[in-house]
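Inspection log for the structure reproduced underneath, given as structure tokens.
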Amino acid sequence: MKLSEIKDKKVTVVGLARSGIGAANLLSELGARVTVTDVKSEEELEGVAQRLDKSVALALGSHPEDLFVSADMVVISPGVPRDISPISRAIEKNVPVMGELELAYRFISGEADIRKHSNKDTTKFLAITGTNGKSTTTALLDFIMKRGGFRTLLGGNIGNALTEEVLKMVRNHGSSPSDTCSPPDFIVAEVSSFQLESIRDFKPKGAAILNIAPDHLDRYHSLKEYASAKARIFENQDADDFAVMNYDDPETMRLYESRFKTRKMESPEVYFFSRHREVEGVFFKDGMLYCSLPGILGRKSPLPIIKGEEIQIKGVHNLENAMAASVMSLLAGCRVEAVVDVLKEFSGLEHRLEFVRELKGVEYYNDSKGTNVSAVVKSLESFSRPVILIAGGRDKAGDFSPMRRLVREKVKALILIGEAMVKIRKALGDETETIEARDLKEAVHVAHRLAVMGDVVLLSPACASFDMFLDFEDRGRQFKKLVWEIENG
């Protein structure tokens, strides 16, 4: 996308969240006439609008249809479904409709101006999606690539919106060929199914699906529809690109069977990671991570990388995340030494099975990012000690029954909060002692009273946070604050 395609165009940005703000400010900087619309009122969005450039107009409280049908372009935030009436009308009028991810990609791949002082090729995308583990794997991959000597930009569904990062590049490229202003070698992006719904040209050099499990079924009609949205990450890849998939995950392998089993010339090379099988890619065997990439490493036999016990982040899910990040970085040209160094150092992300504190022999963990059943299952599998589990929140049309066996075997007590507590009690309440709490504060206090030396108190909600909190980060930080407020003795 060239600057000339944006300047003086009338653009409607839908949704005043992080992605919408990033897109609106980028478009405004490029000379577009931008209006942001959101169904929330000015009072509900207090303070948010202040992050917009002064030239951006606002239409709050509804989505006026005329802003859509009269626009030269409509950019939608990930949380906005494509099937709402104003967007459908814009599509009928042949107005281009794209997501924030697509906007960032088109600008990076099409705008030569920010590379005018650089001899580098076009910045390449490394994109990661999946139901669980996206943020940890993306952050880990970015860390490895940086350690390997590459200039990277981290964004997407993690940290800053990609358009916000692109805006920094636009503002900083200046007129002198300084290294600090040169474009990155790779953009390392966490991408969600919502973002992938609205791509057209998005074509990552490397793309990974970590796993697929029931999630967001309040937005998708079926697991198949959800999986199809995830699979769009591979849609535009060709033989010059690579795909990475979880060999142990049934739904991911169903996608592989349907999409790649009979490889066509234009499809990407496919590699795997596995905890159970020797695969072409990275696998775990007898306590050791191995890499098997004959065409990349120049050796036929698998290369031992690192002992599992040396990997800093713990848990079976984090082992999978480590393997996924490792194979992607190696395929992108990173050195094995950089992979090993980072796996020994990287301690994980906030709200992802994050250790909070130990008090009188009881360990407290914040897993607020565990917003679906499969994430909680992986977290419970990581503990051998008795668990007091705090769960609940806003239901995403999930089925909690897959948790029954682990709740029966590992959960000493189940403390429920939020809108979904009745549904969760009905599904799991007969498997262990189950208590309903008015709020998170009461849940933490109940957990503290029940816990004895050797127990684990785990916040892993299996639900969205929006019934009681701003987001999962707000929920996790409140949990940690409450845990640290518990008095010794």
Side-chain angles (χ1 to χ4, degrees), residues 132-133 136-137 140 210-211 213 246 248-249 273-276 283-289 306-323 343-344 346-392 400-416 424 427-435 443-444 446-462 476 479-480 483 486:
N132 299 306
T136 296
T137 305
L140 182 54
L210 304 179
N211 45 62
N246 185 346
D248 304 331
D249 185 71
F273 61 94
S274 174
R275 289 190 291 127
H276 305 297
F283 60 89
F284 187 68
K285 181 180 179 182
D286 299 330
M288 176 73 73
L289 241 64
I306 186 174
K307 293 179 181 179
E309 63 191 31
E310 294 181 288
I311 299 174
Q312 179 75 3
I313 48 175
K314 305 303 180 185
V316 293
H317 59 309
N318 277 326
L319 177 60
E320 293 177 350
N321 297 337
M323 289 191 291
L343 291 183
K344 289 180 177 179
F346 184 77
S347 58
L349 297 179
E350 188 180 18
H351 313 300
R352 280 81 171 175
L353 209 59
E354 174 194 9
F355 176 71
V356 180
R357 72 182 294 196
E358 180 178 331
L359 178 61
K360 289 187 171 294
V362 178
E363 295 182 352
Y364 292 79
Y365 287 85
N366 166 30
D367 192 41
S368 183
K369 189 64 169 65
T371 59
N372 56 67
V373 170
S374 60
V376 180
V377 166
K378 290 286 181 68
S379 295
L380 288 173
E381 287 176 343
S382 301
F383 293 102
S384 58
R385 303 166 67 177
V387 175
I388 297 172
L389 176 63
I390 300 174
F400 298 99
S401 61
M403 294 170 57
R404 288 182 66 87
R405 179 185 61 81
L406 282 169
V407 168
R408 181 169 62 250
E409 294 175 358
K410 291 178 175 282
V411 176
K412 171 181 174 178
L414 177 62
I415 304 172
L416 300 176
I424 300 174
L428 305 173
D430 59 343
E431 298 292 351
T432 190
E433 179 182 2
T434 302
I435 302 163
V444 170
V446 171
H448 173 59
R449 288 199 303 270
L450 291 175
V452 298
M453 183 179 292
D455 287 349
V456 166
V457 174
L458 171 66
L459 170 69
S460 194
F479 173 74
K480 290 191 290 183
V483 168
I486 298 172

To the nearest 0.5 Å, what is the distance between [atom1] on [X] and [atom2] on [Y]?
{"X": "L414", "Y": "M403", "atom1": "CG", "atom2": "CE", "value": "7.0 Å"}
{"X": "I415", "Y": "L458", "atom1": "CD1", "atom2": "CG", "value": "11.0 Å"}
{"X": "E358", "Y": "Y365", "atom1": "CD", "atom2": "OH", "value": "8.5 Å"}

Grab the two heavy atoms, one from [X] and one from [Y], that are nearest each other, plus how far apart they are.
{"X": "G315", "Y": "S382", "result": "CA-OG, 3.4 Å"}
{"X": "G454", "Y": "P386", "result": "O-CD, 3.6 Å"}
{"X": "V376", "Y": "S460", "result": "CG2-OG, 3.4 Å"}
{"X": "A213", "Y": "S374", "result": "CB-OG, 3.2 Å"}
{"X": "T371", "Y": "S368", "result": "CG2-O, 3.7 Å"}
{"X": "F383", "Y": "V387", "result": "CB-CG2, 4.0 Å"}

F283: what forms a ring pair (Phe, Tyr, Trp, His ring centres under 6.0 Å) with it, not counting sequence neighbours?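 Only Y290 meet the ring pair (Phe, Tyr, Trp, His ring centres under 6.0 Å) criterion with F283.
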With sequence neighbours excluded, residues passing side-chain hydrogen bond (donor to acceptor under 3.5 Å, both in side chains) with [X]:
{"X": "H351", "value": "N366"}
{"X": "E350", "value": "R477, K480"}
{"X": "D249", "value": "T252"}

Go through the structure and list residues passing side-chain contact (heavy atoms from CB on, under 4.5 Å) with [X], not counting sequence neighbours.
{"X": "I313", "answer": "T136, L140, I311, N318, F346"}
{"X": "R408", "answer": "R405, E431"}
{"X": "A427", "answer": "F400"}
{"X": "R275", "answer": "D248, V316, L319, E320, M323"}

How about [X] and [Y]: do any of their side-chain heavy atoms sit closer than 4.5 Å?
{"X": "R352", "Y": "N321", "result": "no"}
{"X": "F273", "Y": "L210", "result": "yes"}
{"X": "H317", "Y": "N211", "result": "no"}
{"X": "T432", "Y": "K410", "result": "no"}
{"X": "I390", "Y": "V457", "result": "yes"}

Apply side-chain contact (heavy atoms from CB on, under 4.5 Å) to L289 and L343, showing your working. CA-CA 11 Å; L289 241 64; L343 291 183; 4.2 Å; yes
Can you tell me which residue pairs pass the salt bridge (charged side-chain N to carboxylate O under 4.0 Å, His left out) test with a partner in residues 364-376, sequence neighbours excluded?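 Non-adjacent pairs meeting salt bridge (charged side-chain N to carboxylate O under 4.0 Å, His left out): zero.
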Which pairs count as salt bridge (charged side-chain N to carboxylate O under 4.0 Å, His left out) when at least one residue sits in residues 307-319, sequence neighbours excluded?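 Residue pairs with at least one partner in residues 307-319: E310-K344.
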Indicate yes or no for a side-chain donor-acceptor contact from T434 to the backbone of D430 under 3.5 Å, with no hydrogens or angles considered.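 Judged by distance alone, no pair lies under 3.5 Å.
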Under the salt bridge (charged side-chain N to carboxylate O under 4.0 Å, His left out) test, which residues partner K412, sequence neighbours left out?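 Applying salt bridge (charged side-chain N to carboxylate O under 4.0 Å, His left out) to K412 gives D455.
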